[in-house]
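Written out below as structure tokens is the structure these notes cover.
Counting convention: from 1, in listed order, for ligands and their atoms alike. All heavy atoms count here, side chains included; hydrogens, waters and symmetry mates do not.
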Amino acid sequence: MTETQPAVLILLGPPGAGKGTQARMLEDRFGLVQLSTGDLLRAAVAAGTPAGLAAKSVMEAGGLVSDEIVLAILKDRMADPDVARGVILDGFPRTDGQAAALDALLEGAGQKVTAAVSLEVDDAAMIERVSGRFTCATCGEGYHDHFKQPRRDGVCDKCDGTAFKRRADDTAETARARLSAYHAQTAPLIAHYDAKGVLERIDAMGPIDQIAGALGQIVGARSA
Ligand code: AMP
């Protein structure tokens, strides 16, 4: 890419919209770094850090972890050297407070948001998508009980791994709570980025490759 500042791409969208899948594809294609606050929080929970201990029950209930905890974790990660290549923010910001903190952080570094992409999907389909998904424990390839089983029973298509895992919060009940949190606290950010002139919308109900193509065009055009 030829831009003078590293790209800062935000992926907005409810749980199940494909933010993580698309972020990983953009990482491979553009050399950007995926920064998922959900992944960072799950790592903190697994490591048993004070932030992880505080976040665990909120995440299990499908609520939003406090801005204070999320911002501390995000700022730590943003200080890592690889982030200078440009980032895809996956699942952040999720509240007004987080968006304001991100604006201030970027302004301090002389940067701005390259694009905020809203992945637009149907609520009912999201519950079904989220509640059936699982991943290869070795390489992270994503699968689904109804939509995408491994070709060989119990063996990952990509790496031949045989262990799979499901997120504790990928149940129908928790998915409904996460969707409510999205509509109440995160969807209003679409207007925030629209007002800044950086909003793009993509119909994210279609095939993964088609959505990746649309996102690739946005990154290419906005980074030129
Ligand atoms: P995700 O992996 O993005 O679906 O996030 C999983 C869970 O982590 C969410 O349901 C929240 O409980 C928590 N979480 C992730 N990112 C944030 C954020 N930016 N703000 C608050 N909570 C978050």
Side-chain angles (χ1 to χ4, degrees), residues 8-27 33-78 83 87-106 113 116-119 121 123 125-135 137 140-144 165-190 192-193 204:
V8 178
L9 184 71
I10 296 172
L11 296 184
L12 293 167
K19 299 186 296 295
T21 305
Q22 294 298 336
R24 282 187 291 278
M25 292 171 86
L26 285 167
E27 252 192 337
V33 174
Q34 176 193 17
L35 209 160
S36 154
T37 42
D39 284 349
L40 294 173
L41 287 165
R42 279 184 287 280
V45 171
T49 65
L53 291 175
K56 188 170 188 280
S57 57
V58 180
M59 293 171 76
E60 280 169 359
L64 291 186
V65 175
S66 73
D67 284 357
E68 195 190 347
I69 289 179
V70 172
L71 287 167
I73 278 184
L74 178 99
K75 282 181 185 163
D76 256 16
R77 181 67 182 91
M78 291 283 272
V83 166
V87 286
I88 310 150
L89 296 173
D90 158 10
F92 178 92
R94 261 173 154 105
T95 64
D96 281 344
Q98 291 177 17
L102 177 65
D103 288 345
L105 193 72
L106 293 176
V113 172
V117 185
S118 169
L119 300 175
V121 291
D123 273 11
M126 285 313 98
I127 306 278
E128 200 184 359
R129 263 198 208 176
V130 167
S131 53
R133 68 186 180 179
F134 59 99
T135 54
E141 180 71 356
Y143 295 97
H144 193 280
K165 57 182 185 183
R166 280 175 201 267
R167 279 171 47 171
D169 60 351
D170 274 351
T171 62
E173 192 192 346
T174 311
R176 272 191 282 276
R178 289 159 63 199
L179 205 51
S180 304
Y182 173 78
H183 285 298
Q185 296 185 74
T186 309
L189 299 185
I190 292 173
H192 174 82
Y193 290 111

Q: Give the C-alpha distance, both sets of side-chain angles, the deciding distance and a yes or no for side-chain contact (heavy atoms from CB on, under 4.5 Å) between Leu74 and Leu89.
A: CA-CA 10 Å; Leu74 178 99; Leu89 296 173; 4.2 Å; yes

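Comparing heavy-atom distances from atom 11 (C) of ligand 1 across Ala175, Gly63, Ala168 singles out Gly63 as nearest.
The one candidate from Leu9, Val33, Leu35 that meets the side-chain contact (heavy atoms from CB on, under 4.5 Å) condition with Ile88 is Leu9. Each of Asp123, Val130, Ile127, Thr171 was scored for a side-chain contact (heavy atoms from CB on, under 4.5 Å) with Arg176, with one residue passing: Ile127.
Shown here for Gly62 and Ala181, the closest heavy-atom pair between the two residues is O-CB, 4.2 Å.
Atoms of ligand 1 found under 4.0 Å from any heavy atom of Gly91 (numbered from 1 in listed order, with element): 16 (N), 17 (C), 18 (C), 19 (N). Each of the following atoms of ligand 1 lies closer than 4.0 Å to a heavy atom of Phe92: 19 (N).
With a 4.0 Å cut-off on non-hydrogen atoms, Val70 touches ligand 1 through its side chain and not its backbone. Residue Leu41 touches ligand 1 through its side chain alone, judged by heavy-atom distances below 4.0 Å. The proximity of Met59 to ligand 1, defined as any non-hydrogen pair under 4.0 Å, involves the side chain as well as the backbone. If you look at Asp169 next to ligand 1, the close heavy atoms, those under 4.0 Å, all belong to the side chain.
Remark: ligand 1 and Asp39 share no N or O pair separated by less than 3.5 Å (distance only, no angle test). The distance criterion of under 3.5 Å between nitrogen or oxygen atoms is met by Arg167 with respect to ligand 1.
Considering only non-hydrogen protein atoms, atom 5 (O) of ligand 1 sits nearest to Arg94 NH2, 3.5 Å. In this structure, atom 20 (N) of ligand 1 lies nearest to the protein heavy atom Gln98 NE2, 2.9 Å. The shortest contact between atom 22 (N) of ligand 1 and any protein heavy atom is with Val65 N, 3.1 Å.
Within the 3.5 Å criterion, the main-chain N or O of Pro14 finds a donor-acceptor partner in the side chain of Lys19.
Atom CD of Glu60 has more than 12 neighbouring heavy atoms from other residues, nucleotides or ligands inside a 6.0 Å radius.
Under a 4.0 Å N-O distance rule, the pair Arg178/Asp170 qualifies as a salt bridge.
Residues Gln98 and Leu189 form no side-chain contact, since every pair of their non-hydrogen atoms from C-beta on lies 4.5 Å or further apart.
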